[in-house]
Every structure is written in C-alpha cells, then in structure tokens.
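Below is one structure, written out as structure tokens, with a few remarks after it.
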Amino acid sequence: MLTFVESIMGSIAKCIGMPKDPLKLFLTFILSYPFCAVLKRLPDSRPIYKQIFCLSVSAFYLLGIFNFWGGLQTLLISSFGTYTLAKYVKSPLMPWAVFVFLMGHLTINHIHRYFNPLWESEVDITGAQMVLVMKLSAFGWNVHDGRRPSTELSSIQKDRALTTLPPVIDFLTYVFFFPSLLVGPSFDYAEFRRWLDFSMFEVDSATKQPVNGKPRKARKRKIPRSGRVAARKALEGVLWIGLWIGLGRVLSPEYILSNEFRTRPFVFRIFYLWPLGFYYRLKYYGAWSLSEGACILAGLSYNGVDPSTNKRKWDRVKNIDPYRFETGQNTYTLLETWNMNTNKWLKTYVYLRVTPKGKKPGFISTLITFLTSAFWHGVSPGYYLTFVTGAFMQSCGRAARRYIRPFFLTPDLSRPSPYKKYYDAFTYVSTQLTMAYAVQPFILLSFSDSMRAWLAVYFYVHIGLFTMTALSSVKSVRKKIEAKLAARTHTASKLEQLRFEIEKARAKRAPSELRGGPVAEEEMHEPSLGIPDGDVEEAVEAMQLDLAELRNDLEQFKRRTSTVSRDAGTRPKMKV
C-alpha cells in the first residue's frame, strides 16, 4: 500500500465521517474516469499499450490502494486455473470443470469470511472474485462453443464462441479490466475483444447519417465520443453515494433489532423498512453507476446506433435501472432491473446450460440456478432466506396478474377500468413493502438477526405470501375466479379462453436457444436475481400482459370467430 494514499484517505475519512475502506473504493471509481480518458486516447494501432495500461492501473488499485496482495493471488489462481483447463481439457465437460473449480474456490473464501467476518465497513477481494467467476465461467463455455459445430449453436452462442484461445496478455487484460475490476459489471470475452480491436465500432463508422441529431465529423479515434454520457452517469453515481451517506445518519439496520423498535406502532414498523431498504440499495446504485460510467467513457458500453432515434446506445454493460426499480409495481420488474448482468450470466450460462438439449427448462434447471445464485452470493443464511422469499413473491405476483388484475380492466379487457388506478397504487405500495421486508436478511446475514427483524413485524409478508400461494393452488378456488371472470361478458370469457390456449401452446414449445435456432426477442429475458420464473414463458407473459397485448388478443379473437363462423356455421373451436 502506498503510504501517501493511506494518509490522505485517513484524513478525508475523518472529515466526512465515512469509513476508510468504502472511501478507497469510491476513490478507485473516481480515478477510473481520468484513467479511462487516457486509455481511449492511446494509439489505436498499438493495442499492447492499452493492455499494459489496464494491467498497471489494476495493479495500482489492488496493491497501491488496498494492499490486496493475497487478493491478487486469489484472482490469479482463478484466472490461470481457468486458462489452463480451457487450453488442455478437450472434453465436453471442460466448462463444467471450470465452473466447479471457480465456484469451489469462491465458496472456500465465502466460508472463510463466514467464520472470520470483517467489519461492515471493510472491503475484501471477494467482490472482485465474484465478478471474476461470472467472466471466467462464461469464458469456459465460450471456448467450448468454439469447438462445437456451428449448427449446434444458438445465435448467442455463435456470437460469443471462441474458435481459438486468446493470447495470455489479451486474457489477463480481460480479467483485469480496471473500470469493472472490483464491483463489475461482467461481460463476455468476445465483447471485450471487439472493444480491443475496435470491431465493436464498425457499425458506427459505417453510418452515414448524422448521429445524435448533429452532422458527423471525422474522428481521430475509432471509439465514439462518450464524455457527456459518462459524466452524467458519474454525477448520478456521486449523488447516490452522497444520499447513502446522508441517510446513514438517520437510518440503521441495528435499530430494527432493538427493543425500542418493537414498541413503535405496527404501521410505523412496516413502513420503516421501506426507506431502510432504499438506504441499502443506494451504495449499489452508486457503485454500479460509477463503474458503468467508466465503461462508457472507455467505450466498452457502446451498443450500436438506435435506428429509431439515430442516437448511439451506451447500455451494453448496464447493471441497474434505479428509476424502474423504485417505481416498479410488481416483483418481476424489480428483480429484472437489479444486478442485470448477473441475471444475464445465470440465464445464459447456468439456466439454459443445465437443460438437456431439446428439452424445456423445468424444475431441475430452476433449482440449480437458485443454488448457483445462492452459493455465488455466499454461505450466510440471510441470502437463502431472501431468495426463498423472493421465489414466493414471484409466484404470488403471477397469480395476482392472472386472477386479480383482469377485474380492474373493462369487461372486454381492452382498457383500464375507473378503479385500475387504485389497483396500481395498491400493487406499487405492496410490492415495495414486500421487497423491503424480503431484503432485510440479505443485509443482516445471520439467521437469528433475520428472524428477529421479521418477528418485529410479525412475519406479515410471509403470512400473506403463504396464504395467497395456498389459495391459488386450490383448484376449486381457481375455477371460481375464472368463472367470475367469464361471467363478466361473453367476449371476456372467449378472450380468457384464447389466452389460456396460447399459454398452453407456449408451455409445449422449447426456447429457441435450446433448439439451436435464432433467439426471439421475448426469449432473451433472464431469470431475475437468480430466481427464474417457474417457466421462461411465464416471465414473458408477465412482461407482455399490458393493454396493447390485450387489445391485440381481442382483435385476433374477433377475426378468428368471424372467419370460422362464416366458414363452418358453428361455434368456433379455439386453436393456436
């Protein structure tokens, strides 16, 4: 560790009342911006300069700021172990061997930390190792796909496949890419390689139209300008961090464990968890926004030109959407906008990979994905309590959309009824309160503290979730609700029948990624927070169940009934 860095950080920490280690982490985020400005200005024709620069900055972060000598050793063991397995193991089991090696190495460190806990304000190498597990396990699968016939690969697998093993210097630069080294985001090697050789920007260079509404100018560098976009993201991250520091003075997880908290009114207790959960998320909002902004400035976040707006997109490695999360009206929206690159990894390299070829992902795929996500986060009981609760939240959310939401639409289900705004308000508040309740163990970690926090509010969310799950599982109850829906109007009954037929047809269809065909837009949604929906298509339905889809279904139904009635003169039989 550099002495002058330690001295400066200690002085600043005392002045602003912030622990030293988080301040050091914040320093690496801020330093990444001037470093990325230098990185993108190194000669395009000499990638070795960029590689040496990336490795030097990462070494400065790990050793000069944090003194992570043991941490550097941990990352090198994972990296060279993966590279060795990918190079010398030609068996189809190679990516599984890489996965087991990486997860085993990570779990050993998680167990060590469990029995030798750090202070809450301390930072260790585990976070960087978790990011590396995602990158390196994906790398193993990419090398494996490069050895398979292209006819067996889906479009995503073809895009990410590596037909040759990259040079060690390229691989190490990918591993130690400093803007995302400590907290992510994660990305695949193929994306990094396209950034390094500038093929990522060929589409932009070939575009003749103005970009961002302005005439194109000749650029000396191949990486498009991204300073303003990165600056906005950096400012956003700084504001989140500042808000986190400010709220930390008035909100505390220790307070919900105190006897005083139990003496407060029940309504106060359940609503106190809402801002407390928001306070927990702020440091992630800040860290991920700052690291994403650095990736934008370096050019890695470039994602082509939006044909509808003719503006450049900078969302390739986007990891969080705070606005959608904080305004989400259902669990699915909340979870799919949180830690988005982890969700992508879980879906692409776990959920679909454990599913036998030609088969539809089922319970076993879901279970393995859940266990992977849980072990990836750590071995503390709090993680498992949160994940299991999240699974029930998703299940109840689907039931609510299917059996309750239609009552707040017009009889033909094409428009919201006058009472729909009350339903929206209720689902927003209940979803946010439920999430605030569910995440407490994720922060408290220990089983006893988690139970004490939930007991303070009488396990009210679990009681509601279990009750709704039980009711939605009773066939007679479901039939009564469906009968009431059908009784509203004949048209609504037919539309509901059509939608159930569509759902059944979807359930029989395996995703394109398993068939080796092109990947449809709706099949690209990932399991949320490591807890995939029981069925991939149910997640699609949750996203698409809006008024536009309902109107489209109604129009299709009307066309079908009129056509079949005209041809056969009988009541139409629903077919999909």
Side-chain angles (χ1 to χ4, degrees), residues 264-281 321-338 386 389-440 454 456-474 477-478 480-485 487-488 492 495-496 499 528-529 531 533 538-539 541-551:
R264 305 302 294 267
F266 177 70
V267 174
F268 172 86
R269 280 177 275 162
I270 64 174
F271 274 91
Y272 182 87
L273 299 183
W274 190 345
L276 185 61
F278 176 66
Y279 163 69
Y280 294 155
R281 293 189 290 274
D321 191 335
Y323 176 79
R324 284 189 63 200
F325 189 99
E326 299 301 334
T327 59
Q329 293 181 336
N330 56 70
T331 305
Y332 185 84
T333 300
L334 266 59
L335 297 185
E336 76 148 3
T337 55
W338 177 265
T386 293
T389 304
F392 279 99
M393 289 166 58
Q394 284 190 311
S395 176
C396 290
R398 289 196 299 269
R401 288 190 298 272
R402 183 170 301 166
Y403 297 118
I404 299 178
R405 188 176 184 272
F407 286 104
F408 293 88
L409 303 175
T410 54
D412 62 359
L413 304 181
S414 63
R415 298 182 307 278
S417 74
Y419 301 101
K420 178 64 163 49
K421 57 185 177 182
Y422 301 111
Y423 172 82
D424 290 341
F426 175 79
T427 54
Y428 169 70
V429 174
S430 60
T431 297
Q432 294 293 336
L433 286 176
T434 301
M435 178 59 70
Y437 171 96
V439 300
Q440 299 307 317
W454 280 346
V457 290
Y458 307 126
F459 295 94
Y460 83 102
V461 168
H462 279 104
I463 293 173
L465 293 176
F466 294 158
T467 301
M468 190 169 182
T469 300
L471 290 175
S472 62
S473 300
V474 178
V477 174
R478 292 201 308 268
K480 286 182 180 180
I481 297 176
E482 291 168 8
K484 288 183 178 181
L485 285 172
R488 298 182 72 198
L495 182 56
E496 284 298 307
R499 289 178 57 220
S528 299
L529 198 62
I531 312 173
D533 282 339
E538 287 187 358
E541 187 215 2
M543 293 288 291
Q544 295 179 332
L545 190 57
D546 53 19
L547 296 178
E549 184 193 22
L550 291 171
R551 291 194 193 97

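- Distance CZ/R281 to CH2/W338: 7.0 Å, rounded to 0.5 Å.
- Each of V461, T389, L334, T386 was compared with M435 under the side chain to side chain contact (heavy atoms under 4.5 Å, CB included) criterion, and only L334 meets it.
- Between F325 and Q432 the shortest heavy-atom distance is O-NE2, 3.2 Å.
- Few gaps surround CZ on F459; more than 12 heavy atoms of other groups in view lie less than 6.0 Å from it.
- The 12-atom threshold is exceeded at OH of Y428, counting heavy atoms of other residues, nucleotides or ligands nearer than 6.0 Å.
- Once rounded to the nearest 0.5 Å, the distance linking OH of Y460 with OH of Y437 reads 8.0 Å.
- Here N330 contributes atom CG and T427 contributes atom OG1; the two are 7.5 Å apart, rounded to the nearest 0.5 Å.
- Between L465 and C396, the closest heavy-atom pair is O-SG, 3.4 Å.
- To the nearest 0.5 Å, atom CZ of residue F466 and atom CG of residue L471 are 13.5 Å apart.
- Nearest heavy-atom pair, F392 versus T469, reported as atom, atom and distance to 0.1 Å: CD2-OG1, 3.8 Å.
- Pairing each heavy atom of S430 with each of T434, the nearest pair is O-OG1, 2.6 Å.
- The neighbour count for F266 CZ, taken as heavy atoms of other residues, nucleotides or ligands under 6.0 Å away, is above 12.
- Residues W274 and V429 form a side-chain contact, since some pair of their non-hydrogen atoms from C-beta on lies under 4.5 Å apart.
- Heavy-atom contacts from other residues, nucleotides or ligands closer than 6.0 Å to OH of Y323 number 12 or fewer.
- To the nearest 0.5 Å, atoms CZ (F271) and CG (L276) are separated by 14.5 Å.
- For the residue pair V457 and R269, the shortest heavy atom distance occurs at CG1-CB, 3.9 Å.
- The structure places CE of M468 at 4.0 Å from CD1 of I404, a figure rounded to the nearest 0.5 Å.
- Here the closest non-hydrogen pair linking Y403 and P406 is C-CD, 4.1 Å.
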